Amino acid sequence: MQQIAVVTGGSSGIGAALARALAGRGWRCVLLARREEPLRKLAEEVGGEHEVCDVADRDAVARTAATVLERHPEIKLLVNNAGIPGRTGFVDSDPERIDLVTRVNYLGSVWCLNAFLPGLLAAVPSDVVNIASVAGTVTAGTSGPYSASKHAQVSFSRAVTAELRPRGVRVHTVLPGFVETEGFPQRSVFPRFMHRVIAEPEDVAKAVLRAIDHDKREVYVPRYYRFATLAQALFPGSVARTAASGRLKKPA
Ligand SMILES: NC(=O)c1ccc[n+]([C@@H]2O[C@H](COP(=O)([O-])OP(=O)(O)OC[C@H]3O[C@@H](n4cnc5c(N)ncnc54)[C@H](OP(=O)(O)O)[C@@H]3O)[C@@H](O)[C@H]2O)c1
């Protein structure tokens with residue numbers, strides 16, 4: 001029998017690359033996102049299923065999970081990947097955008113874990129992967145609302161790692177740097193000389209599989225981004241000065 005993976009934000013970018021990688025290993029993927037057309041196409045391509053669901057809507061997540069759990073009482077893997085950019089800093093941001101970024105990037109992961117937990121517990125040992133961001137450990141440049149939502153998501157991920165491990169559910173946090181995707185078109189924003197630090201969605205998909213295979217709690221993509229996290233912790237003044245100079249602008 002095929003193992004079931006639920007992937008949120010499974011219609012493009014990192015979620016789509018991951019769905020293809022999981023299908024290549026024989027998983028049956030249930031893909032969640034808001035737009036039906038790309039979701040349906042990808043589900044067909046990977047021989048999976050799809051559900052239209054806004055992860056920011058707690059009731060919609062509960063309804064979707066109930067439908068999926070009826071078909072598949074055992075969920076071996078949940079990937080909380082759905083996410084959106086913030087686009088501006090706190091000062092200039094539209095309050096509605098701050099609200100939405102928080103509800104999708106942070107609370108979406110919380111609601112999905114709560115709703116799919118019965119399936120994950122029924123399938124132990126099982127795995128949860130939260131696709132966070134280096135912006136969840138480093139605050140730099142003008143992407144405050146996005147960064148704050150990702151800090152909250154990282155904190156959530158670390159907390160449930162401790163809570164769920166004794167119950168047989170392993171939680172992994174994956175922290176990508178810059179990745180070229182539909183929602184985050186990094187190449188059009190960064191000058192050409194910086195393009196070599198931009199990863200592909202497939203690199204993140206490989207990191208997710210690595211996290212599961214080797215039971216890694218936190219994985220950076222690429223790995224050297226962990227030094228940015230160290231710099232933030234050890235030299236907050238230098239990071240703040242660099243950010244204020246505009247050299248660490250991140251278009252998220
Ligand atoms: N690309 C980067 O540079 C980068 C770096 C670090 C971390 N990340 C994180 O990686 C994750 C995936 O992003 P991506 O780069 O692959 O971007 P993407 O190509 O824009 O994919 C985002 C996915 O999330 C879905 N989504 C957005 N809002 C949703 C909602 N409210 N409910 C359900 N699904 C929703 C989108 O589909 P619909 O629009 O159809 O809903 C889409 O499938 C995000 O959490 C992002 O923060 C990205």
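What you see is a predicted model, and the numbers here were worked out from it, not measured in a lab. For ligands, and for the atoms within them, numbers begin at 1 and follow the listed sequence.
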I want to know if ligand 1 touches V55 in the polar sense, i.e. an N/O pair below 3.5 angstrom.
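Looking only at distances, the answer is yes, because the N/O contact criterion of under 3.5 Å is met.
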Closest by any non-hydrogen atom to atom 45 (O) of ligand 1: pick that one out of N105, N81, L32, L31.
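Closest candidate by heavy-atom distance is N81.
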Just go through P176, S133, G177 and tell me whose heavy atom is the nearest to atom 5 (C) of ligand 1.
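Result: the heavy atom closest to atom 5 (C) of ligand 1 is in G177.
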Salt bridge check, D213 against R25: does any charged N sit closer than 4.0 Å to a carboxylate O?
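Looking at D213 together with R25, the answer is yes, because their closest N to O distance falls below 4.0 Å.
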Test: R158 and E218 ion pair at under 4.0 Å:
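E218 and R158: salt-bridged.
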Hey, does [X] sit under 4.0 Å from ligand 1 if you only count heavy atoms?
X	value
C53	yes
A17	no
A135	no
Q153	no

What are the two closest heavy atoms between G86 and V101, and how far apart are they?
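It is CA-CG2, 3.6 Å.
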If every non-hydrogen atom of A5 is compared with every non-hydrogen atom of L22, which pair is closest and at what distance?
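Residues A5 and L22, closest heavy atoms: CB-CD1, 4.0 Å.
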Apply side chain to side chain contact (heavy atoms under 4.5 Å, CB included) to Q3 and list each qualifying residue two or more places apart in sequence or on a separate chain.
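W27, K76.
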Examine the proximity of ligand 1 to K150 and report which part, side chain or backbone, both or neither, has a heavy atom under 4.0 Å away.
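Side chain only.
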Counting only heavy atoms, which portion of V179 has something under 4.0 Å from ligand 1: side chain, backbone, both, or neither?
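Within the 4.0 Å criterion, V179 contacts ligand 1 through backbone and side-chain atoms alike.
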Side-chain heavy atoms under 4.5 Å apart, restricted to Ile/Leu/Val/Met/Phe/Trp/Tyr: what other residues fall into the cluster of I98, or is it alone?
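When side chains under 4.5 Å apart are linked, the cluster holding I98 also contains F90.
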